[in-house]
Amino acid sequence: MSQICIIIAIAVYLIVMIYVGLRFSKTNTSASDFYLGGRKLGPFVTAMSAEASDMSSWLLMGLPGVAYLSGLADAGWTAIGLAVGTYINWLIVSKRIRRYTSRVHALTLPDFFAKRYGDDKHILTCVSAIIIVIFFIPYTASGFAACGKLFNTLFGVNYMVAMILSAAVIVLYCTMGGFRAVSTTDFIQSITMSIALLVVIFFGVSSAGGLDTVIDNAKALPGYLSMFQTYVTSTGESAPYGALSIASMMAWGLGYFGMPHILLRFMAIEDENKLKLSRRIASVWVVISMAIALFIGVIGYSMSKASVIPTLEGSNSETIIVQIASVLSRYNVLAALIAGVILAGILAATMSTADSQLLAAASSISQNLLQDFGKKKLDTKTSVKIARVTVIIISIISVVLASDPNSSIFEIVSFAWAGFGAAFGPIVLCALFWKRSNKWGALCGMIAGGAMIFIWKYGIAKLGGAFAIYELLPAFLIALVVNVVVSLVTAAPSKEIIKTYEEVNAKN
């Protein structure tokens, strides 16, 4: 009976998502509608869709899983870096990029780069579109993996079958409704995620024996509750968590400046003056949701110790909320329906990011590679059709990449996050805040940042010691330096580009 109730709750949720896609499919009369919702998003939808598309399954699976295994340090400093990055991104980037993209009539991030720097040959467009596709594929794969783990853990459904079915639903409403459907579903999904987090934390504390028991159990593990030590599962001892490790994990916050699916929300709001309200909503939600997700990991350990849920090892720790929901569902019909809402929350977290990433990747190929770089003139109907086909192709590749059920969501997301942060973060900041920045600096910085992610992670980091840090930090800094140096040693931007920059930044 409990499984039937869970299936009903999840089915209702999925039907609502598809309905939203159908509803907005009739409003896409132009490329601007499909890619940016006609720049008509309200402040609440802008805020919550940005953060829902940001957090993904990482919030409900990856972050609690890390906290469950090693305590607060790793997950805690990551969360702090993300909270700071969220606030600063809304504070200094959102209004300026909304104003600039509207001024130059840019629909996508690659389009903005080309128009900001007067790149008539669209080399910047081409390179940035390729980078988007490269890093969004593993990012989307992490979301599909989360869906597969969810249904496999809960119902014993084959991992690949569950993943393919979940991907099909995401593709369906994304290809039908475009940006407004994606943003509206993200708004609904952020509410579902919030409900899931609150229910899990109260039920978890209760079933673990109370808050005092949870704290006492955590204190018994060396370094588990410390922000300057970490608990090592393999040895059962603590290890120091130094300044370099802290800087490395806080560097997650740098990623925000280069996230295409988040920056698109800034570009799509109906009124730039409403971004202040959006910033407050988004910042508060991020801080509260990440704090709860961290605490769920700590609660999960006590639940395992009390034999309420099994002891979780390795990447299985990322199923902690699924395990808790499964226990809750056994109480009665109402509890089972609530468990279904919790599990829908995990689907929401996954879908809210996957759909945004798919749409951004689709726009990169249809709008940026084919039309801008390839100089192919496509009517709106053909452009949208190509974008939809692109969504399907990328989804298929992502499913193949996520075919290993033992893959870690946290690790996949961290790599893709680093790629976007290093490749696009420095160029976005330079484009918005430094008028001497030119297209050659932007191009070289973008390539250096993207390449350094691979070089550092699979080469330099293997040396260990001080080099074993999160690849985003060194790659971001190197990309920024390259951008500045190359811009200074090559010709200054044209007077027309400088004039546009000054006009945009003349407004308060």
Side-chain angles (χ1 to χ4, degrees), residues 54-55 58-59 61-89 142 218-258 286-287 290-291 293-298 300-301 313-315 317-318 408-422 425-426 449 452-481:
D54 157 26
M55 286 301 166
W58 179 89
L59 177 67
M61 298 184 81
L63 194 63
V66 171
Y68 176 94
L69 290 178
S70 61
L72 294 184
D74 245 356
W77 286 114
T78 300
I80 291 171
L82 288 170
V84 173
T86 296
Y87 183 79
I88 294 175
N89 201 31
S142 73
K219 283 182 177 178
L221 298 179
Y224 197 82
L225 291 182
S226 172
M227 293 295 285
F228 300 99
Q229 289 183 311
T230 186
Y231 176 68
V232 182
T233 308
S234 58
T235 63
E237 299 177 351
S238 64
Y241 206 85
L244 190 60
S245 296
I246 291 172
S248 174
M249 299 316 290
M250 285 193 70
W252 274 75
L254 294 173
Y256 277 107
F257 303 123
V286 163
V287 170
M290 287 195 297
L294 275 171
F295 192 40
I296 287 172
V298 176
Y301 170 72
E313 299 177 353
S315 64
S317 66
E318 295 178 335
S408 168
I409 294 168
F410 189 91
E411 290 180 6
I412 296 173
V413 170
S414 71
F415 177 73
W417 184 269
F420 285 122
M452 189 52 61
I453 292 298
F454 290 92
I455 294 169
W456 197 279
K457 182 175 179 65
Y458 298 107
I460 298 174
K462 302 295 184 183
L463 299 174
F467 296 106
I469 59 175
Y470 185 30
E471 58 270 19
L472 173 54
L473 181 58
F476 186 97
L477 295 175
I478 289 169
L480 186 60
V481 170

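Since we're looking at a predicted model, the values are computed, not measured. Along the sequence shown, residues carry numbers from 1.
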Using atom types as modelled, flag every donor-acceptor pair under 3.5 Å from a side chain in residues 453-462 to any protein atom, sequence neighbours excluded.
{"from": "Trp456", "atom 1": "NE1", "to": "Phe467", "atom 2": "O", "distance (Å)": "3.0"}

| task | List the steps and the verdict of side chain to side chain contact (heavy atoms under 4.5 Å, CB included) for Val232 and Glu237. | result | CA-CA 6 Å; Val232 182; Glu237 299 177 351; 5.7 Å; no
| field | Donor-acceptor contact below 3.5 Å, side chain Thr233 vs main chain Leu69 | value | yes
| Which pair of heavy atoms, one from Leu472 and one from Ala422, lies closest together, and at what distance? | CD1-N, 3.6 Å
| Mind checking whether Trp77 and Met227 have side chains closer than 4.5 Å, heavy atoms only? | yes
| said: If I compare all heavy atoms of Gly449 with all of Ala479, which pair ends up nearest, and what's the gap? | reply: CA-CB, 3.7 Å
| remark: CE (Met249) and OG (Ser414) are apart, to the nearest 0.5 Å, by 8.0 Å
| Which heavy atom of Leu294 sits nearest a heavy atom of Ala79, and at what distance? | CD1-CB, 4.1 Å
| remark: d(Lys219 NZ, Leu221 CG) to nearest 0.5 Å is 13.0 Å
| query | Hey, what's the ring geometry for Trp417 with Tyr256, parallel, tilted or perpendicular (30° and 60° as the breaks)? | reply | perpendicular
| query | Sub-3.5 Å donor-acceptor pair from the side chain of Tyr224 to the main-chain atoms of Tyr68, do we have one? | reply | yes
| said: If I take atom CD1 from residue Ile80 and atom CE from residue Met290, how far apart are they, to the nearest 0.5 angstrom? | reply: 9.0 Å
| query | CG of Leu72 to OH of Tyr231: how many Å apart, nearest 0.5 Å? | reply | 14.0 Å
| Which residues share a ring-ring contact (aromatic ring centres under 6.0 Å, His included) with Tyr470, sequence neighbours left out | Trp252
| From OG (Ser238) to CG (Leu225), nearest 0.5 Å | 12.0 Å
| Which atoms form the tightest heavy-atom contact between Gln229 and Ala73, and what is the distance? | O-CB, 3.3 Å
| message | As an exercise, state the distance from CG of Leu244 to CG of Leu473, rounded to the nearest 0.5 Å. | response | 8.0 Å
| Backbone of Val66 reached by a side-chain donor or acceptor of Ser70 within 3.5 Å | yes
